[in-house]
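Any value given below was found using the heavy atoms of this structure, including those in side chains, with hydrogens, waters and symmetry copies removed.
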Amino acid sequence: MVPLTTEAGGGQLRAGCWQLVCSTVIFVACLVAGPSAARAQASPYIPLDDIAYTYLDALTARGEFKELSMLERPFTERALRVAIDSARTREHGRVVSSYLDALYKAIEKYAVRPGNSDTLAAQTFRARFTGDVYLTAQTSGRRELMLADDRSDARPGGAIRLVMAGGPVVGFVRTLIDSRLNTDPEFAGRKDRKLAARTQDGYLSGQWKYGELSFGRVGRNWGPPTLYGLQLGNYAYTYDHLYGLIGNEKIHWSTVIARLDNLQLPGGPLDQRYFSIHRLTLRRGRWEVAGSESYLYSGVARGFEPSLANPFNIFGLSWRNENQDGNLGLGAEVAYRSGRFGTFSGHLFIDDLQIDRCKPNCREPSSYGLTFAAEGLPLRGDQRWFASYTRVSYLAYRTPTPGETYAVFGVGLGRGFSDYDEVKLGADLAVLQRTPLRLYVAHRRQGEGDYRATYPLPADYATTPGIFGGIIMGVTRVALSGASRWRDIELGGDLGVNRVTNDQHVIGVSRTSFEGRVKFAIEPRWSLSF
């Protein structure tokens, strides 16, 4: 984490952007022109806000889907379909079997050719329109129910989807028409219209046996399942980026490169902002480990810089040796499948660790985040329990240079909040067919730190807390979350009671309130195919 002090010339920046575009085009052309044996059947990603992941998590907690990554999402429709077919070869109880059926139906709406995706005929180019309508009832406009506001209402919405695929290439568009966006304080779009809308997903992807290259917007999450990633999470609304992967399930290298929103302080110049993150993942037996490196840089007329857009460069070395100013972050992830005793995972994110010897600029507290999670811990029969702990420090995701704040349109690229810790404990219940449920209790300590706030001055470092700045607000939540799919109906939600102390960081102010969100969707059976 280093303050921005230099600017590159405009001609050099334009050349860097042109070099990136040309390299991408050449890479795509080489892959497309490669031998047919290296190709795979492409399919769209299953969006991370789909109820399919509720079923996926419930089945993973019961030992299924070992072929899928524990630390990287989203998954494609084809990958999940193959995993479902594999899981069906094993015996399950009636409830767990119904989860497999519901998951298959949930992802089928993203298939370009339902029920016939692997035939030779399906490998010709096809296109399919689908859509749904839904109603969202909520007690809070803010999506994080542990920090709910008082915007209680029910809002209609709908989605229009188009998937186009053939051979190793797939394109996907999902447009939301959702008036709930008008009540979300973290949505940066216009809110003065009765119908709010945004393109939630829109990308072109080439998928091959040992590589993938995608451009567009789609939610991605790197870290333990069921939790937002600390370095790359899907709490922020989707944004356009270039994604690349090379390797296989045992070892692969992946990268995300994005042009973020501009930043202009009052009376100041317009800063252009860029984000790069890459990751090496290794899987061996029951273990999956990954190391990641992120870099956020900004400047007046600053463009994509080859050394910071190169997925195989070590950003930390360019930062030190080539004087590339920006906000460097390091991450380490690990997951272990213990078999009958569940899965364990963790993620450590270091935003700024003070190891240098300098006064006073290196005396601010270290900024970091960490998460531990245990899923699928055995109870009786098909019942399971789970636990997790998260901590994000006071100064995490911010730097002395405002343009390097770890956010897009004001919402964190990793977690959506800082200066807090949270512990969660609950039961993963398999008691109703097609309806996985999670009964949980969570406690959160929230300080007044905010990654959008101004970074403290060096003179204030001695009094800057490592975590929990100001008055600590406590939130205890007891709730039931889950999802269900029956025929053309999808239902998902999280309902519970919050007990808040020092509400809004005011000493002695407490309240108890019901807080929840339910989404009721109708997925028509019709579709339009070409």
S.K.: Using the salt bridge (Lys or Arg N to Asp or Glu O under 4.0 Å) rule, take Asp261 and Arg273 through it: C-alpha gap first, then chi angles, then the decisive distance, then the call.
M.R.: CA-CA 6 Å; Asp261 55 312; Arg273 305 173 63 245; 2.9 Å; yes

S.K.: Got a salt bridge between Glu490 and Lys109, using NZ or NE/NH1/NH2 to carboxylate O under 4.0 Å?
M.R.: yes

S.K.: Does the ring of Tyr104 carry Arg88 above it, NZ/CZ under 6.0 angstrom from centre and within 45° of its axis?
M.R.: yes

S.K.: Going through the checks in order, is the salt bridge (Lys or Arg N to Asp or Glu O under 4.0 Å) test met by Glu333 and Arg279?
M.R.: CA-CA 10 Å; Glu333 304 161 51; Arg279 182 171 181 266; 2.9 Å; yes

S.K.: Treating Asn221 as the side-chain partner and Leu227 as the backbone partner, does any N or O pair qualify as donor plus acceptor under 3.5 Å?
M.R.: yes

S.K.: Look at atom NZ of Lys191 and say whether more than 12 heavy atoms of other residues, nucleotides or ligands are closer to it than 6.0 Å.
M.R.: yes

S.K.: Measure from NZ or CZ of Arg78 to the centre of the six-membered ring of Tyr110, then state whether that distance is under 6.0 Å and the direction lies within 45° of the axis.
M.R.: no

S.K.: Would His252 and Glu212 count as having a side-chain donor-acceptor pair, cut-off 3.5 Å?
M.R.: no

S.K.: Is it true that Asp149 and Arg151 have a side-chain N and a carboxylate O under 4.0 angstrom from each other?
M.R.: no

S.K.: Between Asp351 and Tyr397 (side chain of the first, backbone of the second, donor and acceptor by atom type, cut-off under 3.5 Å), is there such a pair?
M.R.: yes

S.K.: Does any N or O in the side chain of Arg62 come within less than 3.5 Å of the main-chain N or O of Asp382, such that one atom is a donor and the other an acceptor?
M.R.: yes

S.K.: Would you kindly say whether Thr464 and Glu364 are connected by a side-chain donor-acceptor distance under 3.5 Å?
M.R.: no

S.K.: Around atom CZ of Arg90, are there more than 12 heavy atoms of other residues, nucleotides or ligands at under 6.0 Å?
M.R.: yes

S.K.: Hey, are Trp486 and Ser484 close enough side-chain-wise for a donor-acceptor pair under 3.5 Å?
M.R.: yes

S.K.: Considering residues at least two apart in sequence or located in another chain, which fulfil the side-chain hydrogen bond (donor to acceptor under 3.5 Å, both in side chains) criterion with Arg198?
M.R.: Gln200, Thr238

S.K.: Flag the pair Phe349 / His347 as yes when their ring centroid distance falls below 6.0 Å, and as no otherwise.
M.R.: no

S.K.: Side chain of Tyr451, backbone of Gly412: donor and acceptor closer than 3.5 Å?
M.R.: yes

S.K.: Taking NZ, NE, NH1 and NH2 as the nitrogens, is one of them in Arg180 or Asp184 under 4.0 Å from a carboxylate oxygen of the other?
M.R.: yes

S.K.: To the nearest 0.5 Å, how far apart are CZ in Arg286 and OG in Ser338?
M.R.: 7.0 Å

S.K.: A side-chain contact here means heavy atoms from C-beta on lying under 4.5 Å apart; do Asp240 and Arg259 qualify?
M.R.: no

S.K.: Hey, could you give me the CG/OG distance between Leu330 and Ser294, rounded to the nearest 0.5 Å?
M.R.: 7.5 Å

S.K.: Is any NZ, NE, NH1 or NH2 atom of the basic residue among Arg398 and Asp419 found under 4.0 Å from an Asp or Glu carboxylate oxygen of the other?
M.R.: no

S.K.: Taking side-chain hydrogen bond (donor to acceptor under 3.5 Å, both in side chains) as the definition, give me every residue that meets it alongside Arg73, ordered by chain and number, with sequence neighbours left out.
M.R.: Asp57

S.K.: Sub-3.5 Å donor-acceptor pair from the side chain of Ser69 to the main-chain atoms of Leu71, do we have one?
M.R.: yes

S.K.: Does any N or O in the side chain of Thr405 come within less than 3.5 Å of the main-chain N or O of Ala407, such that one atom is a donor and the other an acceptor?
M.R.: no

S.K.: So that I know where these two stand, are Phe468 and Tyr394 an aromatic pair - ring centroids less than 6.0 Å apart?
M.R.: no

S.K.: Got Leu495 and Phe514 here, is their nearest side-chain heavy-atom distance under 4.5 Å?
M.R.: yes

S.K.: Which residue is it: Glu515, Arg477, His443? I am looking for the one with a side chain to side chain contact (heavy atoms under 4.5 Å, CB included) to Met146.
M.R.: Arg477

S.K.: I'd like to know if Lys105 pairs up with Glu523 as an ion pair, taking the criterion as any Lys NZ or Arg NE/NH1/NH2 lying under 4.0 Å from an Asp or Glu carboxylate oxygen.
M.R.: no

S.K.: Side chains of Arg415 and Tyr420 only: does a donor on one sit below 3.5 Å from an acceptor on the other?
M.R.: yes

S.K.: In a check of ring-ring contact (aromatic ring centres under 6.0 Å, His included) between Tyr336 and each of Phe344, Phe341, Phe372, Trp287, which one passes?
M.R.: Trp287

S.K.: Hey, does the side chain of Tyr53 reach the backbone of Ile46 with a donor-acceptor pair shorter than 3.5 angstrom?
M.R.: yes

S.K.: Does a donor on one side chain and an acceptor on the other come within less than 3.5 Å for His92 and Glu64?
M.R.: yes

S.K.: Under 6.0 Å between ring centres: does that hold for Tyr203 and Tyr45?
M.R.: yes

S.K.: Are any non-hydrogen side-chain atoms of Leu232 and Val256 less than 4.5 angstrom apart?
M.R.: yes

S.K.: Can you name the one residue among Arg517, Arg174, Lys519 that meets salt bridge (charged side-chain N to carboxylate O under 4.0 Å, His left out) with Asp49?
M.R.: Arg174

S.K.: Treating Thr399 as the side-chain partner and Thr401 as the backbone partner, does any N or O pair qualify as donor plus acceptor under 3.5 Å?
M.R.: yes

S.K.: Would you call Asp494-Arg143 a salt bridge at under 4.0 Å N-O?
M.R.: no

S.K.: Quick one: are Leu282 and Lys250 in side-chain contact, heavy atoms under 4.5 Å?
M.R.: no

S.K.: Rounded to the nearest 0.5 Å, what separates atom CG in Asp178 from atom CG in Leu135?
M.R.: 10.0 Å

S.K.: For Leu296, does its backbone N or O pair with a side-chain atom of Glu404 as donor and acceptor, under 3.5 Å?
M.R.: no

S.K.: Please check this pair: side chain of Asp50 against backbone of Ala52, looking for a donor-acceptor N/O pair closer than 3.5 Å.
M.R.: yes

S.K.: To the nearest 0.5 Å, how far apart are CG in Asp132 and CD1 in Ile522?
M.R.: 9.5 Å

S.K.: Rounded to the nearest 0.5 Å, what separates atom CZ in Phe417 from atom CZ in Arg452?
M.R.: 7.0 Å

S.K.: Taking the side chain as C-beta and beyond, is there a heavy-atom pair between Val392 and Leu230 under 4.5 Å?
M.R.: yes

S.K.: Quickly, which of Tyr406, Phe315, Tyr297 forms a ring-ring contact (aromatic ring centres under 6.0 Å, His included) with Phe275? Name it, please.
M.R.: Tyr406

S.K.: Should Tyr243 and His241 be marked as a ring pair (Phe, Tyr, Trp, His ring centres under 6.0 Å) after you check the CA-CA gap, both sets of side-chain angles, and the distance that decides it?
M.R.: CA-CA 6 Å; Tyr243 170 78; His241 60 270; 7.1 Å; no

S.K.: Tell me, do Thr390 and Asp421 make a side-chain contact under 4.5 Å, heavy atoms counted?
M.R.: no

S.K.: Between Phe172 and Val218, is there a side-chain heavy-atom distance shorter than 4.5 Å?
M.R.: no

S.K.: In plain terms, say whether Arg511 and Asp503 are close enough for a salt bridge, that is, a side-chain N and a carboxylate O under 4.0 Å apart.
M.R.: yes

S.K.: Side chains of Ser152 and Gln138: is there a donor and an acceptor less than 3.5 Å apart?
M.R.: no

S.K.: Check whether any side-chain heavy atom of Leu147 sits under 4.5 Å from a side-chain heavy atom of Met473, and report yes or no.
M.R.: yes

